[in-house]
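This report refers to the structure that appears directly beneath it.
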Amino acid sequence: MDKRLQHIIALRENGQLEEANQLMVALVQEEPENGYYQFQCAWSFDSLEKENEAVPHYEKAIQLGLKPEFLVDAYVGLGSTYRTLGQYEQSKRIFEQAISEFPEAEHVKVFYAMTLYNLSEHSKAMETLLHTVIHTTNHEGIKDYRKAITFYSDKLDQTWE
């Protein structure tokens, strides 16, 4: 990572968000075809709660290509940003793409479940969250009841007599 980007990230981490954003925007203007710079620029806008300005940078970063460890984060950033903007269908599409490419990225599924909730797909949201809990927990009680939680995860509206 180059020195300028290291400096920008340090500024962001130290709470100097405006300065970090201004420098990141300038860096992207110099190298608009650098996907990683686009990703960092999107993040700098998100840090300032300027979601509308983050979206095109996330989109460009994904289009240009990123290493897998950054691509999954770009998907999370873009999907979450769409969700906070009320663009739930776009959010759902991005999270489904991310889950397809990174099925082991359980954190993506949590954000996906939030979007499903916003779309009133409550059963699917709960099922997604319950499966994520089962696959990620170390809690003994949840592990003990894993079979029951799995069984009921897609039957939340069903009753038995």
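What's counted below: heavy atoms across the whole structure, side chains too, no hydrogens, waters or symmetry copies.
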With a 4.5 Å heavy-atom cut-off, do [X] and [Y] have their side chains touching?
X	Y	answer
Val76	Val108	yes
Glu19	Arg12	no
Glu59	Val55	yes
Ile134	Lys143	no
Asn34	Leu64	no
Glu101	Gln97	yes

Take Arg83 and Gln90 through the test side-chain hydrogen bond (donor to acceptor under 3.5 Å, both in side chains) and record every step on the way to the result. CA-CA 8 Å; Arg83 192 186 75 76; Gln90 293 94 318; over 6 Å; no
Is [X] linked to [Y] within one hydrophobic cluster, defined over Ile, Leu, Val, Met, Phe, Trp and Tyr using a side-chain heavy-atom separation of less than 4.5 Å?
X	Y	result
Val133	Met126	yes
Tyr88	Phe111	no
Ile142	Tyr145	yes
Leu156	Leu119	no
Leu78	Val25	no

Donor on one side chain, acceptor on other, Asp154 and Ser123, under 3.5 Å: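 The criterion, which ignores hydrogens and geometry beyond distance, is not satisfied for Ser123 and Asp154.
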State whether a side-chain donor-acceptor pair under 3.5 Å links His131 with Thr150.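 Looking only at side-chain atoms, Thr150 and His131 do not form any donor-acceptor pair under 3.5 Å.
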Any donor-acceptor pair under 3.5 Å from [X] side chain to [Y] backbone:
X	Y	value
Thr128	Lys124	yes
Thr84	Thr81	yes
Ser91	Gly79	yes
Lys155	Phe151	yes
Thr136	Thr132	yes

Let me see the working for Lys92 and Glu89 under salt bridge (Lys or Arg N to Asp or Glu O under 4.0 Å), right down to the final yes or no. CA-CA 5 Å; Lys92 181 180 179 182; Glu89 289 296 337; 5.1 Å; no
Indicate the ring-plane relationship of Phe39 and Trp43, choosing parallel, tilted or perpendicular according to the 30° and 60° boundaries.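 Ring orientation, 0 to 90° scale: tilted.
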The single option from Gln63, Lys60, His57 passing side chain to side chain donor-acceptor pair (under 3.5 Å) against Gln38: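 So the option named by the test is His57.
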Please report the closest heavy-atom contact between [X] and [Y], naming both atoms and the distance.
X	Y	value
Ala113	Leu129	CB-CG, 3.6 Å
Ser153	Leu130	CA-CD1, 3.8 Å
Asp46	Gly77	OD2-O, 4.1 Å
Gly35	Ala61	O-CB, 3.3 Å

Qualifying residue for side-chain contact (heavy atoms from CB on, under 4.5 Å) with Leu23, from Leu11, Leu5, Val28: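 Going through Leu11, Leu5, Val28 one by one, the side-chain contact (heavy atoms from CB on, under 4.5 Å) with Leu23 is satisfied by Leu11 alone.
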What about the rings of Tyr75 and Phe95, do their centers lie closer together than 6.0 Å?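 No, ring centres 6.0 Å or more apart.
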Apply side chain to side chain contact (heavy atoms under 4.5 Å, CB included) to Arg146 and His135, showing your working. CA-CA 9 Å; Arg146 179 183 187 152; His135 289 96; 4.0 Å; yes
Let me see the working for His107 and Val72 under side chain to side chain contact (heavy atoms under 4.5 Å, CB included), right down to the final yes or no. CA-CA 10 Å; His107 62 292; Val72 69; 4.3 Å; yes
How long is the straight-line distance from [atom2] of [Y] back to [atom1] of [X], given to the nearest 0.5 Å?
X	Y	atom1	atom2	result
Phe45	Glu51	CZ	CD	11.5 Å
His7	Arg4	NE2	CZ	11.5 Å
Glu96	Thr115	CD	OG1	9.5 Å
Tyr36	Asp2	OH	CG	10.0 Å
Met24	Cys41	CE	SG	6.0 Å
Ile9	Asn14	CD1	CG	12.0 Å

For [X], does the [atom1] atom sit with more than 12 other heavy atoms under 6.0 Å from it, leaving out its own atoms?
X	atom1	value
Tyr117	OH	no
Tyr82	OH	yes
Glu49	CD	no

Audit row: Phe102, Leu71, side chain to side chain contact (heavy atoms under 4.5 Å, CB included) steps and yes/no: CA-CA 10 Å; Phe102 301 98; Leu71 180 57; 3.9 Å; yes
